[in-house]
Amino acid sequence: MAKSSIPVDLLNPGQVFACLGILEVADMLLADPTASFDWTDGWPTRFHIATADDVGPVQRVLRFLEEAQVVTRAPAQSRNVQRWKASWGAVPAVDRPGSPFPFPDPDSPATLPVVLRDDDDNEVALDYWGDATRRDNVKFWAGAAGYPGAAIVSNALEIVRGKTSQYARDPFALSGPQSSSFRFDWRRDYIPVQDGFSPNRHGKSIQMVGFPLVEILAAIGVTNARPSRMTKLKYRYGVLGVGRGDLLLDPIFHRIALGGESAPLPGRPFRRFLMNLDWPGQEDQARCITEVDEEE
């Protein structure tokens, strides 16, 4: 058995979602992953994860991201293939006719789904932004001129490549200039009306620093779990903890807890947080997180 433990800020929704992302990738690559958030004894909160394998789970997840290539998917006969721009990366791979697709062919290539694939054909999907079910898709980014999720993932991976091994003990601290993101980590975002200026008007003289590992892993983390939407600009998310002597828990319990009203296991430590959003630009386009509070 191997274990990993990393710091996490529960008041940063992106970091919470990213912890679930680590758990989701570990569930694909490793045997019997279990995890819990730990805020016992007043210490800063940590995320513990263990698997039945002999490699540290966080290290293995980061190695997968180092090696993974971004493959954009399109259904057979999709017009989005012709609409694809070379600056966004490789042309989408077209599925065979009749192959299952995660959601209807979108109106724009911006929301085509993505697969991260390594040389051993391990695959992890990123497609939350096109969710056509009753679940809220928590899509906070808009994308200028249809800038797609695939390009955001590719750009984030370029920032982290060659650096992840240095951050295995604190992956959410890895930062770099990031012009676009999924807006899960609010340390990068801003609202021009409130801040008094827009960095976009200053070219390369002002660059926003983002946290690309948080963005990528958070996008994976909301694949099987979502925060609870209260209004268009307010969400609630839950975090399932561990008590002294408690065992770590299977992924399904953390998925349920994220949007749950109460702990999925009675007696387990459980905390809920409210995140408020606002419009950094035009209303009903991109949203960014502005404030997070713990519920009593």
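No experiment lies behind these values; they were computed from the predicted model shown. Numbering starts at 1 and runs along the sequence shown. What you see below is based on every heavy atom in this structure, not just the backbone, and it leaves out hydrogens, waters and symmetry mates.
Considering every non-hydrogen atom in both Ala286 and Trp279, the closest pair reads O-CE3, 3.3 Å. Ser180 approaches Tyr147 most closely through the heavy-atom pair OG-CE2, 3.5 Å. Closest approach of Ala2 to Pro57, counting heavy atoms only: O-CD, 3.9 Å. Residue Pro7 comes nearest to Phe172 through the heavy atom pair O-CD1, 3.7 Å, listed as atom of the first residue, atom of the second, then distance. For Ile159 against Gly176, the heavy-atom pair with the smallest separation is CG2-CA, 4.2 Å. When every heavy atom of Pro280 is checked against every heavy atom of Cys288, the shortest pair comes out as CD-N, 4.0 Å.
Looking at Asp53, its side chain does come within 3.5 Å of a backbone N or O of Ala31 through a donor-acceptor pair. Of the possible donor and acceptor atoms, none in the side chain of Trp186 sits under 3.5 Å from a partner among the backbone N and O of Leu277. With hydrogens and angles disregarded, no donor-acceptor distance shorter than 3.5 Å links the side chain of Lys232 to the backbone of Lys234. Side-chain N or O atoms of Arg229 include none that pairs as donor or acceptor with a backbone N or O of Val138 at under 3.5 Å. Remark: side-chain polar atoms of Asp118 are paired, donor with acceptor, to backbone N or O of Asp120 under 3.5 angstrom. Panel note: side chain Ser4, backbone Val58; a donor-acceptor pair is recorded below 3.5 Å. No donor-acceptor distance shorter than 3.5 angstrom exists from the side chain of Arg236 to the backbone of Gly260, with no hydrogens or angles considered. With hydrogens and angles disregarded, no donor-acceptor distance shorter than 3.5 Å links the side chain of Thr45 to the backbone of Val8. Judged purely by atom type and a 3.5 angstrom limit, Arg287 has no side-chain atom pairing as donor or acceptor with the backbone of Ala142. Not a single donor-acceptor pair under 3.5 Å links the side chain of His48 to the backbone N or O of Asp38.
Val214 and Tyr167 fall within the same hydrophobic cluster, where Ile, Leu, Val, Met, Phe, Trp and Tyr residues are linked whenever their side-chain heavy atoms come under 4.5 Å apart, directly or through other members. Residues Leu11 and Ile289 are members of one and the same hydrophobic cluster, defined by side-chain heavy-atom contacts under 4.5 angstrom among Ile, Leu, Val, Met, Phe, Trp and Tyr. Under a hydrophobic-cluster definition in which Ile, Leu, Val, Met, Phe, Trp and Tyr are linked whenever side-chain heavy atoms come within less than 4.5 Å, directly or via other members, Leu258 and Val239 are assigned to the same cluster. One hydrophobic cluster, built from ILVMFWY side chains closer than 4.5 Å, cannot hold both Phe270 and Phe37; they sit in different ones. Under the 4.5 Å side-chain heavy-atom criterion for grouping Ile, Leu, Val, Met, Phe, Trp and Tyr, Val25 is not connected to Leu249 through any hydrophobic cluster.
Atom CG of Asp119 has 12 or fewer neighbouring heavy atoms from other residues, nucleotides or ligands inside a 6.0 Å radius. In this structure, Gln77 places its CD atom where only 12 or fewer heavy-atom neighbours from other residues, nucleotides or ligands lie under 6.0 Å away. For Asp54, the CG atom sits in a loose shell: 12 or fewer heavy atoms of surrounding residues, nucleotides or ligands are nearer than 6.0 Å. Heavy-atom neighbours of Asp107 CG from other residues, nucleotides or ligands within 6.0 Å: at or below the threshold of 12. Within 6.0 Å of CZ in Arg161 there are more than 12 heavy atoms belonging to other residues, nucleotides or ligands. More than 12 heavy atoms of other shown residues, nucleotides or ligands fall within 6.0 angstrom of atom CG in Leu233.
Taking the six-membered ring where tryptophan is involved, the planes of Phe184 and Tyr128 are tilted, since the angle between them lies from 30° to 60°.
Shown are Arg187, Arg188, Arg183; of these, the side-chain hydrogen bond (donor to acceptor under 3.5 Å, both in side chains) with Asp185 is made only by Arg187. Of the candidates Asn137, Asp136, Thr133, Asp131, Asp131 is the only one forming a side-chain hydrogen bond (donor to acceptor under 3.5 Å, both in side chains) with Arg226.
Atoms CD1 and CG, on Ile256 and Asn224 in that order, are 11.5 Å from each other to the nearest 0.5 Å. Taken from OG in Ser165 to CZ in Arg63, the straight-line distance is 11.5 Å, to the nearest 0.5 Å. Atom CG of Leu20 is separated from atom CZ of Phe47 by 6.5 Å, given to the nearest 0.5 angstrom. Atom CG of Asn80 is separated from atom OG1 of Thr111 by 7.5 Å, given to the nearest 0.5 angstrom. Atoms CG and CE, on Asp293 and Met275 in that order, are 12.5 Å from each other to the nearest 0.5 Å. The distance from atom CG of Asn122 to atom CD of Glu67, rounded to the nearest 0.5 Å, is 9.0 Å.
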*Begin with the C-alpha distance, continue with both residues' side-chain angles, and end with the deciding distance and a verdict on side chain to side chain contact (heavy atoms under 4.5 Å, CB included) for Phe101 and Asp127.*
CA-CA 10 Å; Phe101 204 69; Asp127 56 19; over 6 Å; no
*Would you check, one step at a time, whether the test side chain to side chain contact (heavy atoms under 4.5 Å, CB included) holds for Glu123 with Arg117?*
CA-CA 5 Å; Glu123 292 188 352; Arg117 180 183 299 149; 2.6 Å; yes
*Walk me through it: do Val124 and Glu24 pass the test side chain to side chain contact (heavy atoms under 4.5 Å, CB included)?*
CA-CA 9 Å; Val124 173; Glu24 295 291 349; over 6 Å; no
*Do Phe182 and Trp129 pass the ring-ring contact (aromatic ring centres under 6.0 Å, His included) test, and can you show the C-alpha distance, the side-chain angles, and the key distance before you say yes or no?*
CA-CA 10 Å; Phe182 294 122; Trp129 50 71; 5.5 Å; yes
*Any chance you could lay out the side chain to side chain contact (heavy atoms under 4.5 Å, CB included) test for Asn12 and Val292, step after step, and finish with the verdict?*
CA-CA 7 Å; Asn12 184 324; Val292 179; over 6 Å; no
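The closest side-chain heavy-atom distance from Pro13 to Tyr235 is not below 4.5 Å.
The salt bridge (charged side-chain N to carboxylate O under 4.0 Å, His left out) search around Glu66 returns none, not counting sequence neighbours.
In the model, Ser5 has a side-chain atom that pairs as donor or acceptor with a side-chain atom of Arg46 under 3.5 Å.
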